[in-house]
Amino acid sequence: QVWARNPSMSSTPPEKGWKCPVDGPPQEHVVCAPKEAKAKADDFVSAAESGGRPNKRPQSGGGAPAAKRPLQVQTLVFSSPLGEEAPEDTRILAGDYVQQGMNHGKKTFLKKSEPNGDPFWIYYWDSRDGKDASGWWIGSSVGGDEIFAWVDQHSAMPPIKGWRIPADGPRSDVSVILKGHEEDAEMPEEERLKKVKEVVTLLESKVDKAVETSKSMLDSEGDIFEDGVRAVSQLLQARVDEIEEAKGSVSRHGKAAKKQKASGETEAELGLLEERLDSSLGKAMKEMGRVQEQLGKCEREGAEERDAKIIEEKLPTAMELVTQVEVAVEEANTEEKAMKVRDLIGSCRQKVEKTLDAANGFAPEAQKLALAEFTSLRERCNAADSRLSLWEGSGLNTFDEVPADPIEIDEDEDKPVEGDSGDATAEPDEAEVEATQENEPALDEDKTDEAVSALDTSLPVAQLLQLITDKVVQVETEAKTALDTATVVLKDDSAGNDVKLCLELLEEQYKAVRKAQNVLAGQVAALEGKEDVAPATVEAARSFAPRLEVARAHISQELVLAKRQVLKVQRKSREERDIEAAEIALPMAMEAVKQAEDAVENVVLEAGDLDWRRKQMETAIHFGDEYGDEIMKTMEDTQLAAEGAQDAILGARSRLDTQIK
């Protein structure tokens with residue numbers, strides 16, 4: 001359990017600013033101080049209440065007054081140049097604000113008012129709730145919901161200008177000025193210089209330690225954690241705020257020294273001290289830049305990790321839900337089930353869309369992953385919704401899936417499917433599939449006429465419709481069996497013979513459905529030509545036509561898939577044959593090349609180089625008959641070997657060209 005909280009980041013528990021309870025406003029009368037400093041704490045409270053200096057001193061155990069420096073309580077003056085003519089929301093804020101406590105590492109100020117008056121606080125809020133919530137605020141409580149003014153600045157003290165009243169309104173011309181400064185008081189030059197030197201030296205030491213702490217963390221070889229970087233950032237920011245406040249103090253000392261007509265040496269030394277503060281400020285700001293860069297990196301990594309965990313939590317659930325939707329659509333064979341599936345699709349789509357909306361605020365990499373995965377799930381939901389809509393519109397409860405655009409195929413059932421050569425693993429395009437489709441052979445008109453003439457229109461209406469119903473159901477059942485078989489065969493990497501048999505089965509069922517459609521059309525026409533047949537009977541018979549059309553569309557779709565699969569099998573078979581032929585031809589081609597290389601090597605050995613051949617010819621000419629015949633014979637042998645090598649090269653090249661083609 002937690003009873004109190006203080007947002008200060010100080011190294012020891014702060015005296016003021018405690019919230020009791022943790023979600024309430026700071027309690028101005030609650031003080032946390034060491035036991036031996038109780039009197040000092042009481043003194044501080046008394047000073048805060050009276051708006052002035054402490055009115056009593058802490059006493060030591062022996063009764064003698066303890067030496068202590070009085071606490072300096074700062075007061076801010078909130079004013080408008082319009083005075084009483086200022087708007088109401090500005091006039092109620094005007095007045096003196098007394099320093100009372102700390103919030104987010106900076107001082108808070110409470111307006112002096114009547115005992116029963118409304119409280120007005122000036123306080124600072126950092127960026128923990130976002131940049132839009134950071135800056136200096138005026139509200140009825142520190143961190144409360146009721147606010148009156150705001151300025152988007154992050155200085156150590158409330159800024160003088162730039163306040164917006166109300167907080168979301170335009171900038172106002174009001175000013176917030178610190179009331180009175182210690183530096184403005186007259187004092188000896190030596191004392192003034194001593195005070196400024198102490199402040200500058202202390203701040204230089206603090207900045208050096210803060211920078212050293214930052215470098216030791218950022219330059220370490222181990223892991224760098226976001227909390228550590230944030231703590232260093234706050235430490236450096238505190239040093240920057242102290243330097244800015246000190247620069248204001250040194251500037252006021254300089255102005256006061258001029259008023260007292262201080263010596264030129266004193267003014268020059270004050271200027272040098274101010275330059276030392278600027279140097280320390282530059283050092284702190286430079287290191288602050290490194291820290292902010294590392295903090296941004298840690299925040300991005302943390303955001304990526306956090307968002308990735310969200311995706312890991314939500315994605316499996318969403319995938320399971322989409323899968324349930326798809327299965328439910330496949331099993332929706334009644335109106336009641338279709339209505340339940342419709343509700344399930346709506347719920348699934350809502351969850352997916354909610355996650356997609358949330359993904360817009362994810363870190364970049366996590367956002368890419370979330371958008372890709374959940375967009376795919378949304379498309380699957382839409383596809384399931386389309387299938388369900390087509391099912392509801394078709395009136396068919398026998399088939400599970402209805403294509404959005406039925407594929408019309410006119411097929412020559414006796415012509416085998418052939419494909420061009422190509423990559424066995426490539427997906428055949430639509431042109432290749434269409435190239436395998438020929439016009440469907442005309443149905444046997446005699447048999448159709450026989451079926452129509454066999455319809456006895458004198459039968460009772462119920463019996464007449466039952467005959468048509470039985471025929472349509474028989475065609476639907478056979479078509480569904482063929483589709484189930486095709487689903488199994490075409491899903492797996494089945495053998496070529498199985499695919500061809502599946503194709504033949506689908507083509508047979510396609511013809512059967514087309515025939516049933518023609519027969520039904522003839523029967524409806526025959527019923528329309530009979531005067532004694534009621535129109536309702538004709539409409540009932542005509543209502544079976546959409547069911548046959550849906551069955552035909554399904555088979556058409558599976559026929560296209562089957563033809564593609566056949567093309568794949570044929571291409572794969574050709575590829576395997578080509579590979580086998582290449583494995584046989586390659587050693588032969590390599591042997592031919594080797595023979596050509598050996599022949600060329602023999603020619604080179606027999607002919608020798610150019611100087612050796614020239615010497616042989618000169619010897620033959622010089623010695624004539626003694627060596628000439630022998631040398632000439634050698635040259636002829638060399639020529640024959642060269643011609644043989646040339647033939648071997650041509651033969652090897654011809655064999656290689658053949659294999660390449």
Side-chain angles (χ1 to χ4, degrees), residues 6-8 14-20 24-31 40-57 70-125 135-151 153 155-167 172-185 245 248 252:
N6 194 307
S8 174
E15 290 184 347
K16 299 289 291 182
W18 290 91
K19 296 182 179 182
C20 306
Q27 300 294 322
E28 55 185 272
H29 299 296
V30 174
V31 179
K40 179 179 178 180
D42 293 339
D43 203 15
F44 185 91
V45 172
S46 176
E49 291 174 346
S50 61
R53 295 192 174 187
N55 55 17
K56 58 181 179 179
R57 299 180 179 178
L71 290 173
Q72 182 181 3
V73 178
Q74 294 178 317
T75 301
L76 300 176
V77 178
F78 187 103
S79 62
S80 170
L82 299 178
E84 294 298 326
E85 297 180 359
E88 177 65 21
D89 54 359
T90 300
R91 291 202 309 271
I92 62 174
L93 300 178
D96 292 349
Y97 289 76
V98 180
Q99 175 190 339
Q100 189 160 341
M102 302 282 288
N103 186 66
H104 290 190
K106 299 186 181 183
K107 299 173 182 178
T108 58
F109 299 84
L110 178 62
K111 181 184 176 183
K112 288 183 180 180
S113 60
E114 298 297 328
N116 297 326
D118 295 331
F120 294 94
W121 286 86
I122 298 179
Y123 64 92
Y124 177 76
W125 199 269
W136 284 94
W137 299 83
I138 300 180
S140 59
S141 62
V142 177
D145 294 333
E146 188 179 15
I147 54 176
F148 309 103
W150 170 67
V151 60
Q153 294 187 32
S155 54
M157 290 286 289
I160 298 175
K161 294 289 186 180
W163 291 87
R164 296 179 184 271
I165 305 174
S172 177
D173 57 352
V174 300
S175 60
V176 178
I177 302 174
L178 192 61
K179 188 176 183 178
H181 295 286
E182 178 186 1
E183 297 87 347
D184 297 333
E245 187 175 352
R252 289 189 293 272

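Put simply, the side chain of Thr108 never gets that close to the backbone of Asn103: no donor and acceptor are under 3.5 Å apart.
Rounded to the nearest 0.5 Å, atoms OH (Tyr124) and OG (Ser155) are 8.5 Å apart. Within the model, atoms CH2 of Trp150 and CD1 of Ile165 stand 13.5 Å from one another, a figure rounded to the nearest 0.5 Å.
In this structure, the side chains of Met102 and Pro14 stay at 4.5 Å or more apart for every pair of heavy atoms. Taking the side chain as every heavy atom from C-beta outward, Pro119 and Leu110 approach each other to under 4.5 Å. Within the 4.5 Å cutoff, the side chain of Thr75 has heavy atoms near those of the Val98 side chain. For the pair Ile122/Trp163, a side-chain contact is recorded, criterion being any heavy-atom separation below 4.5 Å from C-beta on.
Here Lys111 pairs with Tyr97, Phe120 under the side chain to side chain contact (heavy atoms under 4.5 Å, CB included) rule; sequence neighbours left out. Residues passing the side chain to side chain contact (heavy atoms under 4.5 Å, CB included) test with Met157 are Gln74, Leu76, Lys107, Phe109, Leu178, sequence neighbours excluded. By the side chain to side chain donor-acceptor pair (under 3.5 Å) test, Glu146 is found to be paired with Ser140, residues two or more places apart in sequence or in another chain being considered. Listed by chain and residue number, Asp129 satisfy the side chain to side chain donor-acceptor pair (under 3.5 Å) test with Trp125 (two or more places apart in sequence, or in another chain). Legend: residues meeting side chain to side chain donor-acceptor pair (under 3.5 Å) with Asp96, ordered by chain and number and at least two apart, are Lys179.
Between Pro159 and Trp136, the shortest heavy-atom contact is CD-CD1, 3.5 Å. Across all their heavy atoms, Val151 and Lys161 have their closest contact at CG2-O, 4.0 Å. Closest approach of Trp137 to Ala167, counting heavy atoms only: CZ3-CB, 4.1 Å.
Counting non-hydrogen atoms of neighbouring residues, nucleotides and ligands closer than 6.0 angstrom, the CD1 atom of Ile92 exceeds 12 such neighbours.
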Counting only pairs under 3.5 Å, give me each side-chain donor-acceptor contact of residues 79-89, with atom names and distances, residues two or more places apart or in other chains.
from  : atom 1 : to     : atom 2 : distance (Å)
Ser79 : OG     : Ser175 : OG     : 3.3
Ser80 : OG     : Leu82  : N      : 3.3
Glu88 : OE1    : Arg91  : NH2    : 2.4

